[in-house]
Amino acid sequence: MYLEFSSYILRILKMNYKKENRFFNLTYIYIIRVINMNTAKTLIKCIFKYKGKKYDIEDIMPNCLEKETAIFLYKYGNYSDDIYRAALIRMKYGDDEIPKLPKGSKEIELVNIYVKCN
């Protein structure tokens, strides 16, 4: 059923993309919301600290991760780098809130993390 639904939606998108970009954007957002409602995901809430200021951030992983795995990724793994952390902060607080930091700068501290799989 999922494959049939996907191919049907893709046909709609291809037909309407050339006609009106706005319709494409609204349809795309709707599709993402429908897909996200039906898949397991991991909600990660972090508190980051940069130059004395704390930032509450939420991130979502598209699959259900074990708590220990998610914590490892945000403390030591791919999501522990300041480039990723700064991007999360910019998405929520705006581009001017934090500068672009070099890879491996270790200036953004992870204060707290909460992980929930639903």
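The first residue in the sequence is number 1, and the count goes up from there. In what follows, every heavy atom counts, from backbone to side chain, and hydrogens, waters and symmetry copies are set aside.
- No single ILVMFWY cluster, assembled from side-chain heavy atoms under 4.5 Å apart, contains both Leu88 and Phe72.
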| request: Go through the steps to decide whether Thr42 and Lys116 satisfy the test side-chain contact (heavy atoms from CB on, under 4.5 Å), and finish with yes or no. | output: CA-CA 6 Å; Thr42 305; Lys116 181 182 177 188; over 6 Å; no

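- We find the NZ-CG distance between Lys41 and Asp59 to be 13.0 Å, quoted to the nearest 0.5 Å.
- Both Met91 and Tyr84 are part of a single hydrophobic cluster, where members link through side-chain heavy atoms under 4.5 Å apart.
- Scanning all heavy atoms of the two residues, the minimum distance from Arg85 to Tyr74 falls at NH2-O, 2.7 Å.
- The distance from atom CD1 of Ile83 to atom CG of Asn78, rounded to the nearest 0.5 Å, is 12.0 Å.
- Two different hydrophobic clusters hold Met61 and Ile47 under the rule that ILVMFWY side chains link at heavy-atom gaps under 4.5 Å.
- Judged by distance alone, with hydrogens and angles left aside, the side-chain atoms of Arg90 form a donor-acceptor pair with the main-chain N or O of Ile98 at under 3.5 Å.
- More than 12 heavy-atom neighbours from other residues, nucleotides or ligands sit within 6.0 angstrom of CG on Asn63.
- Closest non-hydrogen pair, Pro99 versus Ala86, comes out as O-CB, 4.3 Å.
- Expressed to the nearest 0.5 Å, how far NZ of Lys100 lies from CG of Asp95 amounts to 7.5 Å.
- Tyr93 is connected to Ile44 through a chain of hydrophobic side-chain contacts under 4.5 Å among Ile, Leu, Val, Met, Phe, Trp and Tyr, so both are in one cluster.
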Which atom pairs, one a donor and one an acceptor, fall under 3.5 Å between side chains of residues 104-115 and the rest of the protein, sequence neighbours left out?
residue	atom	partner	partner atom	Å
Ser105	OG	Asp82	OD2	2.7
Ser105	OG	Pro102	O	3.4

| task | For the pair Tyr50 and Tyr55, evaluate ring pair (Phe, Tyr, Trp, His ring centres under 6.0 Å) and give the outcome as yes or no after the intermediate values. | result | CA-CA 8 Å; Tyr50 176 72; Tyr55 299 94; 7.2 Å; no

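- One distance of note links SG of Cys46 with NZ of Lys75; it measures 10.5 Å at 0.5 Å rounding.
- Here the NZ-NZ distance, from Lys49 to Lys54, works out to 6.0 Å after rounding to the nearest 0.5 Å.
- Between atom CG of residue Leu65 and atom SG of residue Cys117 there is a gap of 7.5 Å, rounded to the nearest 0.5 Å.
- Around atom NZ of Lys92, more than 12 heavy atoms belonging to other residues, nucleotides or ligands sit under 6.0 Å away.
- Qualifying side chain to side chain donor-acceptor pair (under 3.5 Å) partners for Glu66, counting only residues two or more places apart in sequence or in other chains: none.
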